[in-house]
Amino acid sequence: MTAVGPDAAFRLNVAEGRLWLQHCAGCGSHIFYPRVLCPHCGAADPQWVPASGRGVVYSRAVLHRKPKPGTDLPDTHAIVLVDLEEGPRLMSRLPGVAADDIRIGMAVQGRIEQTEGGPIVVFDPAEGAV
Amino acid sequence: MSIGLRGGAAIVGVGTAGLGEAAGFSTMDIQALAVREALDDAGLSLRDVDGLYCANMSHVFPALTTLEYLGIRPRWIDSTNVGGSSFLVHALSATMALQAGLCDVALICFGATLRSSAGRMVPAAEQPIYETPHQPRYPMIAYALAAARHMAEFGTTRAQLAEVAVAARGWAAMNPDAFERDPLSIEDVLGARMVMDPLTLRDCCLLTDGAGAVVMTRPERARELRKPPVYFLGGGAASSNRAVSQMPDLTVSATVESGARAYDMAGLGPQDMDLLQLYDAFTINVILFLEDLGFCPKGDGGRFVEGGRIGPGGDVPVNTNGGGLSFTHPGMYGIFTLIEAARQLRGEAGARQVDAPATALCHGNGGTLSHQATVILGTGDTL
């Protein structure tokens, strides 16, 4: 049987619809991206725990593409960095929000979205968020 | 601690070649021309070179390919590659190697033909795999995210970012080697095509061909050569991440640490610097680096650059060659900070010459705000 490393374990969870993070018993930090050692204290064997999916937009940038004939790609492509409630930051997108409506500091909720390249973690505005 | 490196080596030759467009010539061709110019500048020959420092984006073994092309057999080579800041690290490492006796004449060189080989660029092999599914466009995504965060946190405006591009163009207008020399206004920058909100085309560096070379040796020998030595006074480097999403605070770069290390070694502070060469891949970089190098408090960088303060006639000369924004940017710019600082400190900068500078701070950024390296240079009066 093949061992499941940190990256594969994260992706297996995402494929099952779960956003899980590693948690370090040594220092109590949550860890992303997945590793075999805690980058905060060096302890080995971080454990997988469920993440709340709650986070806040830390920054955002919007690529303005030159329109390409024959494609239905949107002409803007917004990328965000989200600070998760547990601490780690990750790059993602807000597929349901127009680029101009994404605000730094807005509360968001993670979910798994199926894409051509496989399932990925994206975010929506949090319930009741302003 | 590292006091031994202050004044431990000097830049004795600088050269450039293939700036702008070098169609028909390879990376190694234009690099060799820059090397030849730097050695002529020093009054040395290829036979004197016994230390070699190389980094580029096209070769896995750039030093090996370079020594083969040049027909030299250096006894010490180093291809440390941390992005565009590599060459400032090389200046620090070369000073160590010269002091340790590993080599007597160190050659730092770089070349790239990004413009004339457009479309044949190979992306870096180790892109952050947790970022790429979201289709970020590197490297500008990192700088757009940093700029947006800086604007949200400190009220920095797009017009303040534009000041950086306008100042660079003002310097470039006086540099016959600069790629873009036409007048540029704040309105031109703000009205340029939006590329990655909040950055327009004019907030982004050029994409050119170009090569640069720097020759260093120990002070005793430097004083016997053709040009006034430009002494290495201090250097430092710092890094905490490769991927921008792993950067702890997008408004504070590791420059805080690299700069402090360089100041400490030089025994100097920001108030002692006569001119600055700050790697301006994007306008936000200069604002971040002015803050992180102690020229203004964190968050005040936008206000600091207002009113043409870093342009010609301003009281803080920054990127006097026109920088990556208007002079040249062949993918990695760091070596050009050393070259321009040396020319300024020797008083060879022509129409753009700053009045009798004794010190210069060179700062390089590598990757996507991933690595920072600072080098302080000075004339013989600063020893």
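Numbered from 1 within each chain, the chains take letters A, B, ... in sequence-line order.
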(request) Would you indicate whether the side-chain heavy atoms of A/Val62 and A/Ile102 approach each other to under 4.5 Å? (result) no
(message) Is A/Ile79 in contact with chain B via its backbone, its side chain, both, or neither, using a 4.5 Å heavy-atom distance?
(response) both
(request) Check the side chains of B/Ser245 and B/Glu131 for a donor-acceptor pair under 3.5 angstrom, ignoring hydrogens and angles. (result) yes
(request) Start with the C-alpha gap between A/Met91 and B/Val244, add the side-chain angles, then the distance that decides, and say whether side-chain contact (heavy atoms from CB on, under 4.5 Å) holds. (result) CA-CA 9 Å; A/Met91 185 176 282; B/Val244 68; 3.9 Å; yes
(request) Kindly compute the distance separating CG (B/Asp280) from CG (B/Leu206), expressed to the nearest 0.5 Å. (result) 9.0 Å
(message) Tell me which of these, B/Pro248, B/Ala147, B/Ala146, has more heavy-atom pairs under 4.5 Å with chain A than the rest.
(response) B/Pro248
(message) Run B/Thr132 and B/Gln127 through side chain to side chain donor-acceptor pair (under 3.5 Å) and show every step you take.
(response) CA-CA 7 Å; B/Thr132 49; B/Gln127 299 289 14; over 6 Å; no
(message) Does any part of the side chain of B/Lys298, heavy atoms only, come nearer than 4.5 Å to the side chain of B/Phe154, both counted from C-beta?
(response) yes
(request) Select one option (side chain, backbone, both, neither) describing which atoms of B/Arg149 are under 4.5 Å from chain A's heavy atoms. (result) both
(message) Between B/Pro128 and chain A, with a heavy-atom cut-off of 4.5 Å, which part of the residue counts as in contact: side chain, backbone, both or neither?
(response) neither
(request) Please check if any side-chain donor atom of B/Ser85 sits under 3.5 Å from a side-chain acceptor atom of B/Gln372, or the reverse. (result) no
(request) With side chain to side chain donor-acceptor pair (under 3.5 Å) as the test, would you mind laying out the steps for B/Glu291 and B/His150 before giving the verdict? (result) CA-CA 12 Å; B/Glu291 294 169 351; B/His150 204 278; 3.0 Å; yes
(message) As a quick check of understanding, evaluate ring pair (Phe, Tyr, Trp, His ring centres under 6.0 Å) for B/His329 and B/Phe282, giving each step before the final call.
(response) CA-CA 11 Å; B/His329 191 278; B/Phe282 298 87; 8.1 Å; no
(request) Measure B/Leu199 against the heavy atoms of chain A and call it side chain, backbone, both or neither at under 4.5 Å. (result) neither
(request) Decide yes or no on side-chain contact (heavy atoms from CB on, under 4.5 Å) for B/Ser258 and B/His363, but give the supporting numbers first. (result) CA-CA 9 Å; B/Ser258 71; B/His363 182 77; 3.5 Å; yes
(message) So for B/Met247, is it side chain, backbone, both, or neither that comes closer than 4.5 Å to the heavy atoms of chain A?
(response) backbone
(request) Using a heavy-atom cutoff of under 4.5 Å, enumerate the residues of residues 5-20 of chain A that contact chain B, numbered in order, or state 'none'. (result) A/Asp7, A/Phe10, A/Arg11
(message) Non-hydrogen contacts under 4.5 angstrom with chain A: give the residues of residues 181-194 of chain B involved, or none if there are none.
(response) B/Arg193, B/Met194
(request) Decide yes or no for A/His77 and B/Arg137: does some side-chain heavy atom of the first lie under 4.5 Å from some side-chain heavy atom of the second? (result) no
(request) Taking the side chain as every heavy atom from C-beta outward, state whether B/Met196 and A/His64 have any pair of such atoms under 4.5 Å apart. (result) no
(message) Run the side-chain contact (heavy atoms from CB on, under 4.5 Å) test on A/Met106 and A/Leu94 for me, step by step, so that the C-alpha distance in whole Å, both residues' side-chain angles and the decisive distance to 0.1 Å come before the verdict.
(response) CA-CA 11 Å; A/Met106 73 190 281; A/Leu94 274 64; 4.2 Å; yes
(request) With a 4.5 Å heavy-atom cut-off (strictly below), which parts of residues 23-34 of chain A touch chain B? List them by number. (result) A/Phe32, A/Tyr33, A/Pro34
(request) Evaluate the criterion side-chain contact (heavy atoms from CB on, under 4.5 Å) for residue pair A/Arg60 and B/Asp197; output intermediate values, then yes/no. (result) CA-CA 9 Å; A/Arg60 75 97 180 89; B/Asp197 183 352; 3.4 Å; yes
(request) Can you measure from CG (B/Leu276) to CZ (B/Phe289) and round to the nearest 0.5 angstrom? (result) 12.0 Å
(request) Can you check whether anything in residues 110-121 of chain A gets within less than 4.5 Å of chain B, heavy-atom wise, and list it by number? (result) A/Ile120, A/Val121
(message) Run B/Tyr143 and B/Asn365 through side chain to side chain donor-acceptor pair (under 3.5 Å) and show every step you take.
(response) CA-CA 12 Å; B/Tyr143 302 91; B/Asn365 164 76; 2.8 Å; yes
(request) Check for a donor-acceptor pair, side chain of B/Asn319 on one end and backbone N or O of B/Leu278 on the other, with a separation under 3.5 Å. (result) yes
